[in-house]
Every structure is written in C-alpha cells, then in structure tokens.
Amino acid sequence: MSIRESAVTDQRHRPQYHFLPPAHWMNDPNGLIQWKGQYHLFYQYHPYAATSGPKYWGHAVSSNLVHWQHLPVALAPTPAGADKDGCWSGCAVDNDGIPTLIYTGVHPQVQCVATSVDDLLTWTKYPGNPVIAAPPQGMSQEDFRDPCVWKEGDTWKMVVGSSVPGVGGAVLLYRSRDLLHWEYVGPLCVGDKAQTGEIWECPNFFPLGDRYVLIISPIPFGRAIYLVGDYDGTKFVPTVQGELDQGGCFYAPQVMLDDTRVMRWSRGRCIMFGWLWEGRSEQAQLDAGWAGVMSLPRMLYLRADGSLGVEPVFEVHALRGKHHRWVGVGAEPRTVQGDCLEIIAQFEPGASSAGAFGLKVRCSPDGEEQTAIAYDRRTAELSIDYTRASRSMAARHGVCATPLPLAPGESLQLHVFLDRSVVEVYANSRICLTSRIYPERADSLGFGPFAERGDAPVVVLDAWEMKPIWKDTP
Ligand code: DQQ
C-alpha cells in the first residue's frame with residue numbers, strides 16, 4: 001500500500017467500481033482523450049488532503065472505460081508560473097501527433113498549454129504561457145476558465161467559460177492556427193442569468209447528429225445543463241434546454257467523442273464523465289481520507305424531440321458478477337443483499353393502483369435506514385429520497401426529483417448502479433439521477449421493490465453483484 005493510499009481510512013463508503021484517485025481530493029474530469037488504443041482520463045486533484053486546495057491534474061488510463069490504472073500526476077503548479085496557484089480544468093487534443101493539454105492557470109485566470117513526447121506520461125509546459133493572458137473587455141475579468149478545444153478544417157477553435165456581468169453566463173469563442181496564438185472571435189453564446197445562471201464553468205461544445213450541443217456548469221445552480229441548437233461557425237443559437245442529472249451531486253462533466261479509428265466499436269459515441277461530489281460534512285471527508293468520485297461513463301445521444309438521451313456505456317457489463325432474477329408482479333428478492341449492485345427493474349405502471357412505486361436500496365431490516373427511488377405518476381417525477389439513508393448527522397439528507405413524463409402504456413425501466421455511497425439511476429434511457437448516501441448500519445444492505453399501496457407493478461427484476469475495478473481492492 002502506498003503512503004497516499006494509507007491516508008484512506010473509510011472503506012465502507014468508498015465506491016468499488018466508480019473511478020476515484022488512490023486518496024485525497026478529486027473534482028472535475030479533464031482532458032478526456034483516446035491515445036494509441038487507450039482512454040486517458042485526467043482530473044482535478046488536490047494530492048495533499050481530502051478537501052479542495054491548489055489543483056493538480058491526476059491521470060489514469062483504461063482500455064475499456066471501466067478498468068483504470070493510475071498514472072503519475074500529469075500537471076502540478078509551477079512556482080512563479082502562470083499556473084502558480086493551480087492547474088484548473090481543461091482539455092486534451094491531438095495536434096498532428098503531439099498530445100496537447102490546454103488548461104486554466106490561476107490567479108489571475110489565464111489559458112495555458114502543455115505537450116508530451118512520451119505518450120502522455122510527462123508534460124512540458126509551453127515557455128510562453130499563458131497563451132491567453134486576459135479576458136476580453138466587457139466580460140467578467142475574474143471568471144475566465146476551462147477551455148474546450150476542437151478543430152474545424154485547418155483552424156483550432158476554443159470556448160472558454162465566462163460571464164457577462166449582470167446579464168448571465170457566457171462562453172467565449174477563440175480561434176488559432178497553432179494552439180499558441182489565439183484570436184478572440186466573440187461570445188459563442190450568452191445566457192440569461194435567471195434561466196441558466198450567472199457564470200458558466202466547464203463548457204463542452206460538440207456536434208451530435210445534425211445539431212450542436214453546449215454543456216455548461218452554471219454558478220450558482222450547482223448542476224450541469226445542456227443546450228441543443230445550431231451553430232454557424234461563430235454563434236450558437238440554442239433551441240432546447242435540459243438537465244443532465246438532477247440528483248444533486250453531478251457537476252462539471254466533460255465529454256469525448258470516441259473515434260472508430262481507435263476502437264473498432266467506437267463509432268463516434270459521445271461519452272461523458274462527471275464529478276460526483278460528496279454529500280457529507282467536510283470533517284467526515286477529511287476523516288475518510290478521500291473525497292470525490294467519477295460518474296460511470298455515460299453515452300449521450302440525440303432524441304427525436306431534440307432532447308438528449310443517456311445510457312451507461314455497454315462496457316460496464318464487464319463488471320457484472322453473479323446474476324439473480326425474479327419474475328412476476330411484486331417480484332421480491334429476499335435472499336440477495338448488497339452495497340455494490342446493478343439492478344434493472346421493469347415496471348408496468350398502466351394497470352396498477354400502487355400510487356408512487358419503485359425500488360428501495362441500502363435498507364436496514366427494520367427500515368430505519370433506507371433510500372427510495374420512486375416514480376410518482378401524479379407528478380410524473382422520478383425521485384431519490386435519501387431523507388432516511390443514514391442515521392449519521394454528518395450525512396446530507398433530502399429528496400432530489402426530475403420530470404419523467406411517460407406516454408400512455410409506456411413501461412418504466414429503472415437501471416440502478418449502487419456502489420456503496422453512490423446511487424446512479426438511469427430511467428428509460430432518457431434521464432439520469434445520481435445521489436450520494438452514507439448508511440451507518442452494517443446491515444443496511446437490503447433492496448427490493450416497494451409501492452405506496454398494494455404491490456409494486458414490477459414484472460422483472462434483475463440484479464448483478466458488481467466486481468471492483470481495481471485488481472487489489474480490499
Ligand atoms: N473546478 C475547477 C475550475 C472549474 C471548477 C477548479 C468547476 O476550473 O471552473 O478545480 O468545478
């Protein structure tokens with residue numbers, strides 16, 4: 001066990017099949033890229049404590065998006081450099097065979113570049129950093145961060161998160177021939193602060209089907225939003241707005257378009273990871289020795305109505321262990337328990353008079369601790385109720401809900417990934433809802449369908465015991 005890993009004292013709540021660093025603090029995913037047949041994931045990392053601090057870039061590699069190997073820290077602040085107070089979020093691109101990171105240095109917020117000549121293992125910062133030294137006039141002079149870069153023909157384009165003071169969040173568009181000299185084009189898109197917040201962090205801008213998508217993490221909303229619309233090369237005009245995950249802990253996601261030339265099955269999937277923050281006190285995080293976990297890799301797709309659909313990537317199936325199945329209305333698992341499970345439950349709400357129904361997980365035998373994933377037909381909402389998830393006062397308690405209107409006769413599929421303190425719920429390939437829970441009792445391991453009245457209209461329930469993603473997990 002390394003010194004860093006020995007800092008982790010709390011294994012009870014530590015996820016086993018969601019990515020997280022060996023110890024200490026993690027936040028945003030950064031620099032997602034495929035390189036020579038492997039996926040690289042970088043992330044905001046504070047390597048000295050399980051609390052936020054000056055940011056480094058942690059680094060990991062995977063050949064299938066689910067089993068990861070930790071690599072040495074990729075970026076660290078350079079004393080007296082443009083990133084002396086932290087290497088904040090950014091992206092990775094392949095510049096004609098030269099892997100290049102573009103990220104934000106602080107303070108003040110400026111854009112920086114680093115390159116690698118040893119397949120992404122070590123990074124050399126461009127001596128002329130910063131490559132963009134100040135935000136344009138008229139835009140917030142404090143908020144200017146999280147570059148997202150792509151190529152259009154021979155031109156590199158970049159969007160940077162920003163704000164128009166008093167108006168709303170904004171993303172600013174730049175262009176360059178060489179990733180080093182950047183020309184400001186103008187605001188790609190400006191929001192209304194009442195609708196989409198005051199400052200936009202961590203923009204992602206990319207084509208999907210015949211539309212364009214802008215993902216933003218707005219302050220003060222504390223959750224990620226997507227906009228779908230049209231792009232003419234300088235302006236983006238959104239026509240559809242939606243939520244990526246209203247479970248209360250999903251933020252600063254980053255997407256990657258995976259390339260069929262790298263992986264035979266990739267086919268340009270839009271793959272997204274997001275940061276799942278903790279839902280317990282800072283002291284509990286410090287005591288545990290770790291904080292922050294990545295969502296599962298999610299595939300986004302464009303639906304016929306212009307909204308985004310979401311599913312876990314199929315590679316997650318590699319984690320399935322022992323399988324259990326129950327069939328019949330009210331199917332009730334009595335023999336299987338667990339805190340690392342994948343559960344798929346098929347409900348037929350149509351004929352039932354059950355009121356709200358769904359699944360309960362992490363239940364103690366007497367029900368003192370329990371977390372309910374509930375669908376309410378009256379409000380057409382799916383919720384995670386974690387008011388009784390833990391008897392610990394250090395854990396946050398509450399209910400998170402998201403609209404999920406079902407068409408007449410439409411069944412409901414709840415696809416749940418339970419990973420100790422993570423409850424990640426997908427429903428009908430349309431929405432995702434993720435919450436953090438910290439049951440205190442060792443016997444809070446039960447799960448099963450429930451209904452307000454009568455039997456839950458569940459017809460088939462499958463559960464898999466999930467395998468850890470690390471070889472030597474305790
Ligand atoms: N986290 C990073 C920033 C970003 C924020 C700093 C979003 O670059 O704006 O760790 O969580």
Side-chain angles (χ1 to χ4, degrees), residues 20-21 24-32 41-59 73-77 82-92 101-114 129-132 135 139-149 158-163 168-172 191 196-205 214-226 244-245 247-255 272-279 282 285 290-295 434 436:
L20 74 184
H24 303 311
W25 170 275
M26 182 188 76
N27 55 296
D28 318 348
N30 292 155
L32 290 173
L41 166 66
F42 300 85
Y43 53 89
Q44 289 284 282
Y45 185 39
H46 180 220
Y48 298 111
T51 186
S52 192
K55 294 296 158 51
Y56 294 55
W57 276 38
H59 185 192
V73 163
L75 292 178
D83 57 10
K84 63 181 179 347
D85 288 334
C87 304
W88 283 17
S89 286
C91 62
L101 304 180
I102 304 105
Y103 66 99
T104 297
V106 292
H107 297 106
Q109 297 183 7
V110 293
Q111 313 319 320
C112 299
V113 164
N129 276 340
V131 294
I132 306 180
M139 301 295 157
S140 164
Q141 297 300 296
E142 288 78 43
D143 303 296
F144 182 54
R145 57 183 175 272
D146 312 332
C148 161
V149 176
M158 174 200 289
V159 283
V160 184
S162 177
S163 161
V171 287
L172 311 180
T196 49
E198 286 162 22
I199 301 161
W200 288 353
E201 301 188 293
C202 299
N204 286 252
F205 187 60
L214 177 63
I215 291 177
I216 46 176
S217 292
I219 293 176
F221 286 13
R223 56 179 209 270
I225 286 176
Y226 70 81
L244 285 168
D245 188 319
C249 65
F250 180 88
Y251 196 66
Q254 185 165 116
V255 306
M272 175 178 71
F273 287 86
W275 165 36
L276 307 178
W277 60 50
E278 298 299 314
E282 189 178 23
Q285 294 172 33
W290 62 276
V293 50
M294 243 9 124
S295 71
T434 308
R436 302 298 303 276

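We use all heavy atoms of the structure for the numbers below, so side chains are in, but hydrogens, waters and symmetry mates are not. Note that ligands are numbered from 1 as they come in the structure, with each ligand's atoms numbered from 1 the same way. Starting from 1, each residue takes its place in the sequence as its number.
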Taking only heavy atoms of [X] into account, list the atoms of ligand 1 that are under 4.0 Å away from them.
X    : result
D28  : 1 (N), 2 (C), 3 (C), 4 (C), 5 (C), 7 (C), 11 (O)
Q44  : 2 (C), 6 (C), 10 (O)
Y251 : 7 (C), 11 (O)
S89  : 2 (C), 8 (O)
D146 : 3 (C), 4 (C), 8 (O), 9 (O)
K55  : 10 (O)

Ignoring hydrogens and angles, tell me if any N or O in the side chain of [X] forms a donor-acceptor pair with the backbone of [Y] under 3.5 Å.
X    : Y    : value
Q254 : L32  : yes
S217 : A252 : yes
H24  : Y45  : no
D143 : S163 : no
D85  : P54  : no

- Message: Using the side chain to side chain contact (heavy atoms under 4.5 Å, CB included) definition, which of the options W88, W57, F42 pairs with Y103?
- Response: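 Answer to the side chain to side chain contact (heavy atoms under 4.5 Å, CB included) test with Y103 among W88, W57, F42: W57.
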- Item | ligand 1 N/O within reach of W88 N/O, cut-off under 3.5 Å |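 W88 vs ligand 1: no N/O contact under 3.5 Å.
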- Message: Test of understanding: given a 4.0 Å heavy-atom threshold, classify the contact between N27 and ligand 1 as side chain, backbone, both, or neither.
- Response: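 For N27, only side-chain atoms sit under 4.0 Å from ligand 1.
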